[in-house]
Structures are given as C-alpha cells and as structure tokens.
Amino acid sequence: QVQLVESGGGLVQAGGSLRLSCAASGSGFSINAMGWYRQAPGKQRELVADITGGGTTNYADSVKGRFTISRDNAKNTVYLQMNSLKPEDTAVYYCVSLIPVYWGQGTQVTVSS
C-alpha cells in the first residue's frame with residue numbers, strides 16, 4: 001500500500017524554524033504533484049504549498065517568503081522548510097499526493113508566542 005509519513009513537527013518559539021519531511025513508499029509509488037495542507041483547531045484545512053511534477057511551486061499568501069517546498073525524487077521525499085514561524089502557523093500539517101490522491105496522517109506544529 002502507498003504510505004506517506006510526515007516527520008519534523010514539534011514545538012518551536014516564534015521566529016524559529018522547522019523542516020517537515022514527507023517520505024512516500026509502497027506499491028511502486030513515486031512522487032508527482034505534491035502538497036502540504038494544514039488545519040488549525042476550529043479552522044478549515046488550507047493549502048500551504050504545492051509543487052508540480054515540473055517543479056513549479058505555489059504558496060499561500062500567508063507563508064510566502066517564509067516557507068519553501070522542495071522535493072528529492074531519488075528519496076521519494078517532499079520537504080517543507082518553515083522559517084520565521086508565527087503562532088498563527090500552529091496547526092496539524094498534512095502531506096498529500098495530488099496525482100494520485102493520497103494523504104499522510106499529519107504532524108503537529110506548535111509555535112509559541
């Protein structure tokens with residue numbers, strides 16, 4: 001079965017950095033278009049960033065200039081580098097394969113003020 005496993009979440013102070021990783025495996029799956037979503041308590045799930053198979057990136061306005069999505073095809077892994085973190089970035093972050101659709105279980109990111 002296809003599995004996406006996120007790692008790298010945790011507790012960080014405002015202004016700090018974290019790097020999330022999403023390792024994909026199983027059933028001959030290789031990453032294509034990939035994204036990161038997040039969901040904060042009481043809020044809708046929102047797209048944070050995505051990257052196409054051709055390497056084109058897209059970011060939510062709230063994270064532009066602070067977050068960077070990247071991929072390592074040889075490792076079948078997608079990353080989200082998060083810098084200058086703010087308390088409003090606190091959420092569960094989900095890795096998703098967009099083509100085809102698969103979701104990871106999520107990893108908690110908590111940014112303290």
Side-chain angles (χ1 to χ4, degrees):
Q1 62 178 359
V2 174
Q3 187 174 25
L4 305 179
V5 179
E6 300 98 333
S7 61
L11 175 64
V12 65
Q13 292 188 9
S17 298
L18 286 172
R19 190 184 74 162
L20 305 184
S21 298
C22 172
S25 64
S27 302
F29 179 82
S30 60
I31 58 173
N32 191 354
M34 302 289 293
W36 288 95
Y37 282 74
R38 68 185 182 187
Q39 188 165 26
K43 304 295 184 182
Q44 291 186 310
R45 185 173 296 186
E46 65 173 345
L47 178 66
V48 176
D50 63 77
I51 184 166
T52 70
T56 301
T57 58
N58 175 66
Y59 299 93
D61 287 343
S62 60
V63 307
K64 285 181 180 176
R66 300 189 297 121
F67 291 11
T68 303
I69 187 170
S70 61
R71 63 197 296 142
D72 186 334
N73 292 336
K75 295 182 178 180
N76 226 21
T77 300
V78 178
Y79 304 95
L80 185 68
Q81 178 66 45
M82 305 185 293
N83 298 326
S84 301
L85 283 161
K86 304 175 180 180
E88 52 262 45
D89 295 318
T90 295
V92 177
Y93 284 71
Y94 298 90
C95 176
V96 61
S97 169
L98 299 173
I99 307 173
V101 177
Y102 292 104
W103 288 85
Q105 294 298 305
T107 186
Q108 177 70 48
V109 171
T110 302
V111 184
S112 62
S113 59

message: Do S97 and I31 have side chains that approach each other closer than 4.5 Å (heavy atoms only, starting at C-beta)?
response: no
query: Is there a path from I99 to V2 through hydrophobic residues (I, L, V, M, F, W, Y) whose side chains come within less than 4.5 Å of each other?
result: no
message: With a 3.5 Å distance limit and no angle check, can you tell me whether R71 reaches the backbone of A33 through a side-chain donor-acceptor pair?
response: no
- prompt: Is atom CD of Q105 surrounded by more than 12 heavy atoms (other residues, nucleotides or ligands) closer than 6.0 Å?
  reply: no
task: Check whether V96 and L80 end up in the same hydrophobic cluster, where Ile, Leu, Val, Met, Phe, Trp and Tyr are linked by side-chain heavy atoms less than 4.5 Å apart.
output: no
message: Over 60° means perpendicular and under 30° means parallel, so tell me whether F67 and Y93 are parallel, tilted or perpendicular.
response: tilted
- line: For N76 and F29 the tightest heavy-atom approach is ND2-O, 2.9 Å
query: Between M82 and L20, is any pair of side-chain heavy atoms under 4.5 Å apart?
result: yes
task: Starting from the C-alpha separation in whole Å, work towards a yes-or-no answer on salt bridge (charged side-chain N to carboxylate O under 4.0 Å, His left out) for D61 and K64.
output: CA-CA 5 Å; D61 287 343; K64 285 181 180 176; 2.9 Å; yes
query: Of the non-hydrogen atoms in S17 and S84, which two are nearest, and what is the gap between them?
result: OG-N, 4.2 Å
Atom of Y37, atom of V48 and distance for their closest heavy-atom approach: C-CG2, 4.0 Å
- prompt: When you look at T90 and Q108, which way does the side chain to side chain contact (heavy atoms under 4.5 Å, CB included) test go after all the steps?
  reply: CA-CA 8 Å; T90 295; Q108 177 70 48; 4.0 Å; yes
- prompt: What pair of heavy atoms forms the shortest contact from A24 to L4, and how long is it?
  reply: CB-CD2, 3.4 Å
task: Calculate, to the nearest 0.5 Å, the distance between atoms CG and OG1 belonging to L98 and T52 respectively.
output: 10.0 Å
Heavy-atom closest contact (C95 atom, E6 atom, distance): N-OE2, 2.8 Å
query: Rounded to the nearest 0.5 Å, how far does CH2 of W103 lie from SG of C22?
result: 11.0 Å
Between CG on residue L47 and CH2 on residue W36, distance to nearest 0.5 Å: 12.5 Å
message: Restricting to side-chain hydrogen bond (donor to acceptor under 3.5 Å, both in side chains), what partner residues turn up for N32, sequence neighbours left out?
response: none
- prompt: What distance separates D89 CG from L18 CG, expressed to the nearest 0.5 Å?
  reply: 10.0 Å
- prompt: Between V63 and V78, is there a shared hydrophobic cluster once you connect ILVMFWY residues whose side-chain heavy atoms come closer than 4.5 Å?
  reply: yes
- prompt: What about Y102 and I51, same hydrophobic cluster or not, with Ile/Leu/Val/Met/Phe/Trp/Tyr joined at side-chain heavy-atom distances under 4.5 Å?
  reply: yes
message: List the residues meeting salt bridge (charged side-chain N to carboxylate O under 4.0 Å, His left out) with D50, not counting sequence neighbours, and say none if there are none.
response: none
task: Please name all residues satisfying side-chain hydrogen bond (donor to acceptor under 3.5 Å, both in side chains) with S62, sequence neighbours left out, ordered by chain then number.
output: R38
message: Rounded to the nearest 0.5 Å, what separates atom OG in S113 from atom NZ in K86?
response: 14.0 Å
Spatial distance of atom OG (S70) from atom CE (M34) [nearest 0.5 Å]: 11.5 Å
- prompt: Can you check side chain to side chain contact (heavy atoms under 4.5 Å, CB included) on Y59 and I69, steps first, answer last?
  reply: CA-CA 9 Å; Y59 299 93; I69 187 170; 3.5 Å; yes
